[in-house]
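I have placed the structure first, in the form of structure tokens, so that the comments after it can refer back to it.
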Amino acid sequence: MKINIFPSGEKLSKEQIVQYLTCDDDKEIAKLFEHAKNVRNSVCGNKIYSYGFVYFTTYCRNNCNFCYFRASNKIERYRKSKEEVLEISKALINDGVNLIDLTMGEDPEYHKEKFQSVLEIIDVIKGEYDTPVMISPGVIPNDIIDDFAAIKTDWYALYQETHNRELFSNMRIGQEYDERMDAKLYARDKGMLIEEGLLAGIGESPEDIADSLLVMGDIKASQMRVMSFIPQEGSPMENVKTPTRREELTIIALMRIMYPHVLIPASLDVDGISGLKDRINAGANLVTSIIPPKSGFMGVAHSTMDVDEGGRTIVEVKAILNDMGLELATKDEYKEYEKKLKEHQRGI
Ligand code: SAM
Ligand code: MD0
Ligand code: SF4
């Protein structure tokens with residue numbers, strides 16, 4: 001039996017999606033955002049969810065062309081201890097985030113130890129701290145995914161960035177499109193929720209974006225993100241300009257109306273705290289990349305923007321959302337929502 005716990009989304013064709021993405025009529029786009037916001041409110045009421053971001057190792061074996069942390073970039077890196085990771089996670093949870101997103105570069109040290117210390121950290125966060133966990137480890141072998149699934153890690157986040165295979169291979173140098181996609185699908189089939197993601201402004205066409213939006217639904221991603229590309233010093237794409245935000249915002253709105261149930265981040269990593277309002281107004285229902293100030297932990301796209309200034313905290317986010325007539329959800333409210341997402345993933 002089909003379980004219909006969420007409103008069904010609009011079935012847009014590739015052509016219709018392209019029409020929206022290429023529309024230069026500001027009034028039409030404003031109407032799209034308004035519609036997306038209404039759809040979000042019909043699913044979430046006035047609640048917005050929040051994730052704490054814990055980027056615990058910035059060492060990486062890969063050389064993604066867009067990324068500051070690519071192996072060849074000569075930068076200062078860190079690898080945090082288990083105690084430091086637990087301390088920052090606890091602080092974020094005390095502040096009121098709904099989930100901890102444990103994120104890492106593809107650090108060979110963790111592959112060597114078969115992610116034992118990460119599994120131990122998750123055990124504490126899920127057990128003692130009673131808080132959901134997302135793991136963003138890059139591509140990992142299936143037996144490690146089994147280990148994460150076995151301890152009920154809630155989410156596996158792994159972003160393809162684009163579903164145009166040629167563009168993928170120009171971005172994620174030396175990585176296999178299918179290997180990345182298959183890891184994500186394997187995690188989903190083991191009962192984990194999955195997040196899929198896009199980068200805007202890396203040379204994609206409107207047709208590529210339309211294909212991506214359709215694939216994201218086909219693979220049953222329960223969280224979908226888009227981030228505008230931010231040029232990174234020392235990387236091969238350091239001179240590529242960041243796109244205007246219209247593309248990112250239109251994609252957020254389209255995701256919302258096509259897939260009313262999904263979590264869609266307003267990431268503080270792209271434009272800092274000043275970018276929050278527009279993304280929420282386009283239909284996002286989740287704030288990500290919340291990082292305590294002076295913790296020594298970094299963001300990804302804007303590794304330090306607003307962090308030490310205290311701009312990426314729950315206090316700042318709450319003030320802005322309250323001004324907009326919205327509220328941050330409690331952890332229990334988030335858990336309820338996650339439960340419905342799991343039922344939805346199983347039921348369709
Ligand atoms: N290393 C793991 C991986 O690549 O899956 C986990 C890190 S994940 C947080 C890195 C994500 O940040 C990328 O998938 C990409 O979507 C985003 N990102 C990286 N560099 C970026 C940039 N320059 N501008 C915008 N987003 C970026
Ligand atoms: C964010 N900087 O939420 C984080 C990151 C990884 N799962 C998420 C891209 O914006
Ligand atoms: Fe490494 Fe992830 Fe950056 Fe690619 S995006 S270089 S895998 S940290």
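We use all heavy atoms of the structure for the numbers below, so side chains are in, but hydrogens, waters and symmetry mates are not. First listed ligand is number 1; within each ligand, the first listed atom is number 1.
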Taking 4.0 Å as the limit for heavy-atom contacts, which would you say applies to Met104 with ligand 1: side chain only, backbone only, both, or neither? backbone
Check each atom of ligand 1 against the heavy atoms of Gln232 and keep those under 4.0 Å away; list them by number with element. 22 (C), 23 (N)
Which ligand 1 atoms, with their elements, are less than 4.0 angstrom from a heavy-atom of Ser228? 24 (N), 25 (C)
Ranked by distance from atom 10 (O) of ligand 2, the top protein heavy atom is Ser267 OG, 2.5 Å
In this structure, does ligand 2 have an atom that sits under 4.0 Å from one of the heavy atoms of Tyr159? yes
Quick look: His302 vs ligand 1, heavy-atom contacts under 4.0 Å, and the answer is neither
Could you tell me which atoms of ligand 2, counted from 1 in the order shown, lie closer than 4.0 angstrom to a heavy atom of Thr103? 6 (C), 7 (N)
Provide, to 0.1 Å, the distance between atom 2 (Fe) of ligand 3 and the closest protein heavy atom, together with that atom's residue and name. Arg172 NH2, 4.4 Å
Compute the minimum heavy-atom distance from Gly197 to ligand 1 and say whether it is under 4.0 Å. no
Please list, in number order, the atoms of ligand 2 under 4.0 Å from a heavy atom of Ser136. 6 (C), 7 (N)
Would you say Cys64 touches ligand 1, if touching means a heavy atom closer than 4.0 Å? no
Checking contacts here: is it the side chain or the backbone of Tyr156 that comes within 4.0 Å of ligand 2, counting heavy atoms only? Could be both or neither. neither
Check each atom of ligand 1 against the heavy atoms of Arg180 and keep those under 4.0 Å away; list them by number with element. 3 (C), 4 (O), 5 (O)
Considering heavy atoms of the protein only, find what lies nearest to atom 1 (C) of ligand 2 and give residue, atom and distance to 0.1 Å. Arg225 NH1, 3.3 Å
With backbone taken as N, CA, C and O and side chain as the heavy atoms from C-beta onward, which portion of Tyr51 lies under 4.0 Å from ligand 2: side chain, backbone, both, or neither? neither
Between ligand 3 and Phe66, can you find any atom pair, the residue atom being a heavy atom, that is separated by under 4.0 Å? yes
Using distance alone, with no hydrogens and no angle criterion, decide if Glu338 and Tyr334 have a side-chain donor and acceptor under 3.5 Å apart. yes
Which atoms from ligand 1 have a heavy atom of Phe229 less than 4.0 Å away? 23 (N), 24 (N), 25 (C)
Can you sort out which atoms of ligand 1 are near Val300, meaning under 4.0 Å from one of its heavy atoms? 9 (C), 12 (O), 18 (N), 19 (C), 20 (N)
What atoms of ligand 1 come closer than 4.0 angstrom to any heavy atom of Ile230? 22 (C), 23 (N), 24 (N), 25 (C)
Those atoms of ligand 1 less than 4.0 Å from some heavy atom in Met227: 26 (N)
Hey, which atoms in ligand 1 end up nearer than 4.0 Å to a heavy atom of Leu199? 25 (C), 26 (N), 27 (C)
